[in-house]
Novice: 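Submitted below is the structure of interest, expressed as structure tokens.
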Amino acid sequence: MKLPGKVKLVDVGPRDGLQNEKQPVPADVKVQLVHLLQDAGLKEIEVTSFVSPKWVPQMADNAQVMAAIRRQPGVRYSVLTPNMKGFEAAVEAKPDEIVVFGAASEAFSQRNINCSIAESIERFAPVVEAARAKGIHVRGAISTTVGCPYEGDIAPERVELVARLMKEIGVQHVGVADTIGVGTPRKVQRAMEAALKHYAVDDVSGHFHDTYGQALANTLASMEMGIWQFDTSIAGLGGCPYAKGATGNVATEDVVYMLHGLGIETGIDLDKLVDAGAYISGQLGRKPNSRAATAILNKRAG
Ligand code: HMG
Ligand code: MG
């Protein structure tokens, strides 16, 4: 098994994780979470999203959170921007990277961002152009690349199409997302292959929700293909309000434990990471949804 020598993790917990919480999470808790993540060695953090507060009230404090974070040199802070309105608000907050988010399934595109795939690309195009003109890196997220809550199985050709459309409008990197965590390693590899038809291996990442417990296996299967960048979520937080039943992203703690066991450098301090996960889980009144974090916390308790 040939694996990448280094792996970069993007912690999406403050955004993907907290967008799905029933109880509002105070802005200062979100800010503290970002601080703990960067203290643990995360070099990229997806902080928030500039979406409609009517659609996702949990992210309505986007500007407040971005203004309050203590930025650390070398850390990239990214935010989601679905359209020009979101982008214009986001620019004020000075993100290092913006994320446009589309889907390989028409039904999911409609439910999540209220437009077709073709319309989404039309909305993204001016956002991408404006971001690149300002020197802001542009990532594209492709949702439902293996399965959709409304359409079922998704063919790799659908992923390839969206990757091609994103490439054509100047999106610099694509994240292949298993939004509802139904993928298994070979299916995920086929979705990755589809994205790799239009993007270099250094410009593709994986974003795996762990609903069926396959996310670590899917991460490893992607690494076998040379993919070395992944979105993960502290304490396994996460979900999408428009993908009912989907649970959180693969826990950052679990992925770091696996990577360190494989001798792969991440720059992340697992103990500090576990502290960050324990902090946010405590704020949410539950235990971290991470096997590695649970084991480490149990060991600490002796
Ligand atoms: P829309 O209703 O079609 O937008 O929503 P519109 O352009 O028709 O505007 C309607 C109203 O929304 C107007 O206000 C706009 O000003 C306002 P009104 O005149 O009625 O008072 N509006 C906005 N307000 C704030 N920020 C904006 C914005 N845009 C319009 N950016 C829209 C379209 C995309 C905005 C909406 O569908 C939306 O906000 N969707 C967000 C969905 C979302 O955040 N989903 C979760 C993130 S994606 C995800 O989790 C998947 C991912 O993790 C990968 C994976 O796992 O698959 C990334
Ligand atoms: Mg997600």
Side-chain angles (χ1 to χ4, degrees), residues 10-21 46-63 78-93 95 97-105 107-117 119-124 126-127 130 139-151 154 158-159 162 166 171 173-183 188 191 195 205-211 215 218 230-234 236-252:
V10 178
D11 201 293
V12 298
R15 193 282 303 170
D16 200 329
L18 301 182
Q19 76 181 8
N20 210 35
E21 286 302 320
E46 204 170 271
V47 179
T48 186
S49 56
F50 287 81
V51 297
S52 161
K54 286 190 191 132
W55 285 63
V56 185
Q58 294 88 337
M59 297 285 113
D61 57 3
N62 42 30
S78 54
V79 302
L80 267 56
T81 55
N83 52 18
M84 276 311 283
K85 187 173 170 83
F87 176 73
E88 277 154 12
V91 161
E92 302 292 311
E97 182 182 62
I98 57 132
V99 185
V100 291
F101 51 105
S105 136
F108 189 76
S109 181
Q110 286 291 350
R111 303 279 180 117
N112 195 42
I113 51 174
N114 206 23
C115 64
S116 68
I117 294 170
E119 284 163 346
S120 74
I121 297 294
E122 278 171 34
R123 285 184 191 178
F124 300 155
V127 174
R139 178 152 55 91
I142 310 179
S143 285
T144 56
T145 59
V146 284
C148 167
Y150 313 107
E151 289 183 16
I154 296 293
R158 309 288 307 164
V159 181
V162 180
M166 285 199 174
V171 172
H173 175 116
V174 284
V176 174
D178 181 6
T179 313
I180 53 171
V182 289
V188 165
S205 55
H207 175 114
F208 306 130
H209 286 261
D210 199 27
T211 320
N218 294 339
F230 298 95
D231 296 349
T232 60
S233 184
I234 188 70
L237 300 172
C240 174
Y242 300 100
K244 290 271 171 291
T247 62
N249 296 79
V250 65
T252 311

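First listed ligand is number 1; within each ligand, the first listed atom is number 1. Keep in mind the model is a prediction, meaning the values are calculated, not measured.
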Novice: Rounded to the nearest 10°, what angle sits at the Mg ion (ligand 2) between NE2 of His209 and NE2 of His207?
Specialist: 90°

Novice: Who's the nearest protein heavy-atom neighbour of atom 22 (N) of ligand 1, and how far?
Specialist: Lys85 CD, 3.6 Å

Novice: Considering heavy atoms of the protein only, find what lies nearest to atom 7 (O) of ligand 1 and give residue, atom and distance to 0.1 Å.
Specialist: Asn83 ND2, 4.6 Å

Novice: With only distance considered, is Asp178 within less than 3.5 Å of ligand 1 through an N or O on each side?
Specialist: no

Novice: Can you list the ligand 1 atoms lying under 4.0 Å from a non-hydrogen atom of Ser143?
Specialist: 51 (C), 54 (C), 55 (C), 57 (O)

Novice: Can you check whether Arg158 reaches Ile117 side chain to side chain, under 4.5 Å on heavy atoms?
Specialist: yes

Novice: Is the distance between the Mg ion (ligand 2) and the nearest N/O/S atom of Asp16 smaller than 2.8 Å?
Specialist: yes

Novice: Can you list the ligand 1 atoms lying under 4.0 Å from a non-hydrogen atom of Val56?
Specialist: 43 (C), 44 (O)

Novice: Quick one: does any side-chain atom of Glu151 pair with a main-chain N or O of Ala107 as donor and acceptor, under 3.5 Å?
Specialist: yes

Novice: Under 3.5 Å, side chain of Asp16 to main-chain N/O of Ser233, donor-acceptor pair present?
Specialist: no

Novice: Specify side chain, backbone, both or neither for Pro53, according to which of its non-hydrogen atoms lie closer than 4.0 Å to ligand 1.
Specialist: side chain

Novice: Among all protein heavy atoms, pick the one closest to atom 58 (C) of ligand 1 and tell me residue, atom and distance.
Specialist: Arg15 NH2, 3.4 Å

Novice: Within a distance under 4.0 Å of any heavy atom of Phe50, pick out the atoms of ligand 1 and give their elements.
Specialist: 26 (N), 27 (C), 31 (N)

Novice: Out of all atoms in ligand 1, which are within 4.0 Å of some heavy atom of Pro82? Include the element for each.
Specialist: 31 (N), 34 (C)

